[in-house]
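Right, one structure below, let's go through it.
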Amino acid sequence: MLVATWNVNSVVARLPRLLDWLRETAPDVLCLQETKVVNDGFPSAQVAELGYQVAAHGDGRWNGVAILSRVGLADVAEELPGDPGYPTADVLEARSIAATCGPLRIRSVYVPNGREPGHDHYAYKLAWLSALRSAVSAEVATADGPFAVMGDFNIAPTDDDVFDPAFYATFTHVTPPERAALAALRELGLHDVMPRALKHDTPFTYWDYRAGMFHKNMGMRIDLVYGNQSFADAVEDAYVDRNARKGTGPSDHAPVVVKVAI
DNA sequence: ATGTCCACAACATGTGGA
């Protein structure tokens, strides 16, 4: 199986590139983030022509996640129990969706950005990650086969995952509490599936649109694949498809593609 | 050598978010 995750920064704006990429790469399962569209606006018919079923969970203007599968799609869960909501507990954002795709249980996540350390949104990010840990803990405990949670975590696990730690020193994505939240996920028995880079030896997955950062390779690895033991044992290859970040009208993220013997 | 994009409201361009 080929499994992938990609923050597309609007599935509508990215549709031509998404369809081209699906034809070229032909993943069996693709997790999307930042679809930025309500479910009725999701281009389901276009991806269906390529053989994919869709489970979408969208807000509209912001956020939005989805799972595309051509190996079956069942037991879809859009709720995240314990979701703290933002700015208040009654406002839940579309940041997580889970489904069973053939033999694989999968969760696509778009972790809150956090904006800046100390901001309300930063506290929300940590609370949201705590809720995610609880949900994933239950999934890991009940999974009798391969399980993976993947998506845009908006956290670089280590200093090696950013082009220059000093550049990000005062920003979110690298603070100890955020990294501790990732470690808490791994403590559930999940493995960080490290992709190889197609260039530069740095498997970054995100480069800001501004100031030519992609061309200077000033990026971060914040799109992650965390798999349980069964999933990790089956990994044959993993890479960041930086080619999808090139050219006209790219997302600011590149897909992470994982080949698993499942 | 240089370097942002997206959606929305509204209908020009400002705004918020990333």
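Reminder, nothing fancy here: chain letters follow the sequence lines and each chain counts from 1. Note that the structure is predicted; figures quoted are calculated from it, not measured.
Atom CG of A/Asn9 and atom P of B/dG16 are 18 Å apart (whole Å). To the nearest angstrom, C1' of B/dA18 lies 11 Å from CZ of A/Arg95. Summarising the geometry, the separation between CD on A/Gln33 and C1' on B/dG17 is reported as 17 Å, rounded to the nearest angstrom. Between the CD atom of A/Glu116 and the C1' atom of B/dG16 there is a distance of 14 Å, rounded to whole Å. The distance between atom NE2 of A/His215 and atom C1' of B/dA1, rounded to the nearest whole Å, is 12 Å. Note: CD (A/Glu93) to P (B/dA7) measures 17 Å, nearest angstrom. Atoms CG (A/Asp208) and P (B/dG3) sit 14 Å apart, rounded to a whole Å. Between the NE2 atom of A/His253 and the P atom of B/dC6 there is a distance of 13 Å, given to the nearest Å.
Along DNA chain B, the nucleotide nearest to A/Asp152 and the one nearest to A/Arg14 differ in position, and the one closer to the 5' end is contacted by A/Arg14. Both A/Gly212 and A/Gly114 lie near DNA chain B, and the one whose nearest nucleotide falls closer to the 5' end is A/Gly212.
Looking only at side-chain heavy atoms (C-beta outward), A/Thr172 and A/Asn154 stay at 4.5 Å or farther from each other.
In this structure, of B/dC5, B/dG16, B/dA7, it is B/dC5 that holds the atom nearest to the side chain of A/Tyr209. Which of B/dA18, B/dG3, B/dG17 sits closest to the side chain of A/Lys36 comes down to B/dG17. Checking B/dA18, B/dA7, B/dG17 against every side-chain atom of A/Val12, the shortest atom distance belongs to B/dA7. Each of B/dG3, B/dC6, B/dA18 was ranked by its minimum atom distance to the side chain of A/Arg115; first place goes to B/dA18.
Across every non-hydrogen atom of A/Glu93 and A/Asp83, the tightest pair is O-OD2, 4.0 Å. Considering every non-hydrogen atom in both A/Leu73 and A/Ala55, the closest pair reads CD2-N, 3.4 Å. Contact detail for A/Val12 and A/Val37: the closest heavy-atom pair is CG2-CG2, 4.0 Å.
Look at A/Arg221 and A/Asp192 and you find a salt bridge, because one of the NZ, NE, NH1 or NH2 atoms lies within 4.0 Å of a carboxylate O, short of that distance. Salt bridge status for A/Asp237 with A/Arg196: present, with a side-chain N to carboxylate O gap under 4.0 Å.
B/dA10 and B/dG16 have their P atoms separated by 15 Å, given to the nearest Å. Comparing the same atom, P, in B/dA7 and in B/dG3 gives a spacing of 24 Å after rounding to whole Å. Between B/dC11 and B/dT15, the distance separating the two C1' atoms is 16 Å to the nearest Å. Separation of the P atoms belonging to B/dA1 and B/dC6 is 28 Å when rounded to the nearest angstrom.
For A/Asp164, the CG atom sits in a packed shell: over 12 heavy atoms of surrounding residues, nucleotides or ligands are nearer than 6.0 Å.
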Exercise. Report the C-alpha separation of A/Tyr168 and A/Phe163 in whole Å, then their side-chain angles, then the decisive distance to 0.1 Å, and conclude whether the ring pair (Phe, Tyr, Trp, His ring centres under 6.0 Å) test is met.
Key: CA-CA 9 Å; A/Tyr168 293 106; A/Phe163 79 92; 5.7 Å; yes
Self-check item: Pairing string, 5' to 3', for DNA chain B - Watson-Crick or wobble contacts under 3.5 Å, brackets [ ] where pairs cross, | to another strand
Solution: ...((((((...))))))
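Dashed line: the shortest gap from a side-chain N or O of A/Arg61 to OP1 or OP2 of B/dA9 is not under 4.0 Å.
At the heavy-atom level, A/Tyr110 lies under 4.0 Å from the strands shown only through sugar-phosphate atoms.
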